[in-house]
Amino acid sequence: MGALALTLTLIILVLRVTTISCSSPYSSRETIDKVEGEEFQFQSQNPVLIDVKGGPDSVLWVVQLSDLHFSAHHPDRALDFKKFVGPALSMINPSLVLITGDLTDGKSKDSLTMKLNEEEWLEYRDVMEDVVKSSRLDKSIFFDLRGNHDNFGFPVAGGSFDFFSKYSINGQLGRNKNVNSVTLQAAGQKHLFVGVDSTLSVGLRGPTNVFGHPTDELLAELDLELSQWDSQSTKPMTKISFGHFPLSFSALSNSGKSLKDIFLKHSVSAYICGHLHARFGKNLKRHHQLSHHILSLQKIFQFNPHQVSYDSIVNCSIGATPVKEFWEWEMGDWRKRRAMRILAIDRGHVSYVDIDLKSGGKKTIILPTFPIDSRFMSTSTSHHKYKCQVMVPSSYETVRALIFSVSPIVSVVARIYDSRPGNLNLVLEAKMGKIADNTSRGDLYVATWNYRAFEDPSPDRYWLEIEATDVTGRSTLTDLRPFSINGLNAKISWTWLEFKVMGCQWAALYFPLLWSALCFMLSILIVPKALLIFSNKRFTYKKFLSNKGFKTFIGWVLQELSKVPVVWFGMLGYLFYLVLFPWVIGKVFIDGEDRGYMTYKGWAVRSFDQRQKHEYVGFPDVMLIVIPHLLVVVLPSLLVTGFLAAEKDVYREQFLSLTGKKDDNDGKDKLKSCVGMRWIRKVLLVVCLAICWKHFKSCWALVKAYEMNPVLHFPAYTFTIPLLLAYTVYKTRSL
C-alpha cells in the first residue's frame, strides 16, 4: 500500500505543479490586458470593405468549407468538389466563401509518409478555378488558409516548397499575412470576418504536426484586426473569426496567451474552424465565457458544450460590464462527409446549417435565421438583452428563414411544436411570405407571430420546423430545432469522443500526463526495491496466499521484478534515457539532408534565423508519439515483466510443494496437472507478443514518416523494450 500511496501522491503533486506551470500566470482579464501592452507594432493597412449589394438588407450569409484533403490517391474528393460545390455556390450566392484549412492531404497511399505534394496543389488550384467560374462568384470573395496537412515538411516561407503561396487563392491574391480580414457592409451595418493561420512557422512532417501554434506576434496582429472598426463605429458589430484548429488543439504562445483570450476580449460572435472531422461526433461545438470564478482544473477540462456560468443574476443597470463570450463551431469535413456550411447573420443573430453533399447536390436548402437554435446558438448576451428589454423588438416579431432552391418555391410553412406534454403538439402553423426585392441576393421568407406567447423558462420547450415546397411538388423539411425567445441555452452533453477532442486542452495536459506516467513507473520500480533493501517488508507468494489483498499482490509482483536485476536496471535506465536523451533522429523537412532529433520537448532542428544553433519546434505535437509509447508500450512492458517473474515464483513454489523438494518424474507429472502446464505464462507470452507487435508497428510508421533506419537513427527506442521482454521470457522459462 506504501508504493501505491507514494505513487498517487507523486501523481497529484505533478498534476498540481504542471497544471499551474502550463496555465497562464495571469487571469483571463490580465492576459487580455497584457496583449494590449505588448510592444508589437504593425503597419496599419486600409481595411478591406465589401459593400454587399441587393436585398434582403437585414441578413447576409457566407459559406464555409473545410478539410478538403485533395489527394493524389483519392481523386474522388476533387472530382466531387468540382461537381457539387460550384453549382451549390451558384444557388446560394454567398457574400464570402471561407475554406478553413487542409486543402490538400499530403499523405502517401499507406498514410505513413506525410509531406507536401505539388501534384495535389496543382489539382487544388485547377479545381478552385473551375469552381469560381461555375459559381459565377468573384474570386476575391474566396478566402482559404492553411491547415496542418498544408504544412507537412514545409521548411521556410517563400521557398520552393511554399506551395500555399503559389497555388492557394489567398496566395494568388497577395494575402500573405497570417491574419487576413474582410468587412461586409449591408444597409450601413458592418460585419467583420477575420481569418487566422496558426500553423507552425516551419512545418514538421506528420504525425508530430497536429496543433495550432499562435505566437505573441500573431495574437497581437489578430487583436489589431478585430479592433480595426472599434473607434469608427458606435453601432454594434458582428465579428466572426475563422481558422483551422479548434481551441482544444491550439497551444499557448511563449508568454502563455491564447486565441481564446483575444476572442473573449472582443466578444466575437463565433470562431468557426475545422481539423477534427465528423468522425468524432456531430456536437463539436463549444461555448466560451469569461468568468473570474473558473477553477484551474476547469481551464483544462470543459465537460459539456456550455461552460458553466456562475453569474445567474442579470445586471440591467447602465454601465454594467457586458458578458465576454463566444461560440466555437467546428464543422464536418469534405474529405469523407462532403460537408458544407452556410452561416447567416440576421440583425445580430448568427445561425448556420450544415449541408451533406455526399448523396449529391441539394435541390432546396433551408436556413432558419430566427428564432435560433437554443442548443448551439443562444448566448448570455441575447438572454441579457431580452431580460433587460434592450433588444431590437422588430428583430423578434417575425419567424425568418433563408431558402435557396434550383426551382421556384411556391409554399413555405413554419410550424412550432410544444414538447411540454411529453410529445410534440403543434401549436402554431403559419405561412411564410417572401420579402420582395428586385435586386435580391437570395430569398428571405418571414411569418409574423406573437413572440411573447413563447416566453418560457425552459430553453427547449418549443421546437421549430420549416417546410418548403417547390413548383415540382418537391417538399423539403428542416430538422426540428429547439428555441428560446428568452435567450436561454438548452443543455446538451458530449459523447466521450466529443469531450475528448473538444473539452480537453491537450497542450496543457501534455506535461501532466508525461510526468505522471514517468513518476508512476519510477515509483513502481524504486519503492519495492527500497522496501526490499532497507526494511524487513517482504512480499512473497506464501504471504499473498495467506493474505489475499491487492496491496500484497502488487507488492509481491513488483518485488519479484526487482529480483531480476538486468530487467530492473534496464527499465530504470530506459526511463532516464527517455528523459535525458533524444528518442529518434529523423528527416523532418522535405528539402535537404538535415536531420533533427526528437525529445519529449519537441524536435530540435537547425535554427533558420541563425541566432542559435538549434531550436525546439513541435511542442506539444510530439505527445502523439511520447504518450502512446509510455502508456501503451513501456508501462505494459514493465507490468508484464513483473507478472512473468511472479509466475515463475508461483511455479517454483508449486513445484517444491508437490515434489517435496525431490526431482522425481512423479512429482513433475503432479505439477503439470496442478498448474495446467503454466497457462498463465502462455497468456503473458501472448501479451508480450501484442506489445511487441504494437511497438514495431509504431516504429515502422516512424521509419516511413521521417525516413529513418531503426539501427542508425533510433536503436534505443526500437530495441530496448523488445530485448528486455525477450530476456524476461528467457529467464523465467524454467526453474
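- Residue Asp80 is tested with Arg337, Arg338, Lys336, Arg335 for a salt bridge (Lys or Arg N to Asp or Glu O under 4.0 Å); the sole match is Arg338.
- In this structure a side-chain-to-backbone donor-acceptor pair under 3.5 Å is present from Glu120 to Ala72.
- Of the possible donor and acceptor atoms, none in the side chain of Gln189 sits under 3.5 Å from a partner among the backbone N and O of Ala186.
- Salt-bridge annotation for Glu225 and Lys177: present, with a side-chain N of the basic residue lying under 4.0 Å from a carboxylate O of the acidic one.
- Side chains of Asp144 and Tyr124: a donor-acceptor N/O pair is present below 3.5 angstrom, by distance only.
- Side chain to side chain, Ser380 and Gln289 meet the donor-acceptor criterion of an N or O pair below 3.5 Å.
- One N or O on the side chain of Thr379 and one on the backbone of Ser382 form a donor-acceptor pair closer than 3.5 Å.
- Below 30°, between 30° and 60°, or above 60°: for Phe163 and Phe161 the angle between ring planes is above 60°, a perpendicular geometry.
- Counted within 6.0 Å of NZ on Lys133, heavy atoms from surrounding residues, nucleotides or ligands total 12 or fewer; the atom is thus considered open.
- With hydrogens and angles disregarded, a donor-acceptor distance shorter than 3.5 Å links the side chain of Arg441 to the backbone of Pro56.
- The aromatic rings of Trp327 and Phe376 sit perpendicular to each other, their planes meeting at more than 60°, with 30° as the lower class boundary.
- Between Asn170 and Ser168, the side chains place no donor N or O within less than 3.5 Å of an acceptor N or O (distance only, hydrogens not considered).
- Judged by distance alone, the side chains of Arg136 and Ser90 do bring a donor and an acceptor atom under 3.5 Å apart.
- Ion pairing between Asp130 and Lys83 fails under the 4.0 Å rule for side-chain N and carboxylate O.
- Between the side chains of Thr208 and Trp603, at least one donor N or O lies within less than 3.5 Å of an accepting N or O.
- His275 and Phe249 have perpendicular rings, their planes meeting at more than 60° on a 0 to 90° scale where under 30° would count as parallel.
- With respect to His213, the side-chain hydrogen bond (donor to acceptor under 3.5 Å, both in side chains) criterion is satisfied by exactly one of Asp621, Thr199, Asn148: Asp621.
- Checked for salt-bridge contact, Glu328 and Lys260 miss the test: no charged N lies under 4.0 Å from a carboxylate O.
- Using cut-offs of 30° and 60° for the angle between ring planes, the Trp334 and Phe81 rings count as perpendicular.
- Note on ring orientation: taking the six-membered ring where Trp is involved, the planes of Phe263 and Phe326 are perpendicular (angle over 60°, cut-offs 30° and 60°).
- Residues Gln64 and Tyr352 bring no donor and acceptor atom of their side chains to less than 3.5 Å of each other.
- For Asp356, the CG atom is densely surrounded, since the number of other residues' heavy atoms within 6.0 Å is greater than 12.
- Side-chain atoms of His69 and Asp333 include no donor-acceptor pair closer than 3.5 Å.
- For the 3.5 Å distance criterion, the side chains of His288 and Glu325 fail to qualify, holding no donor opposite an acceptor.
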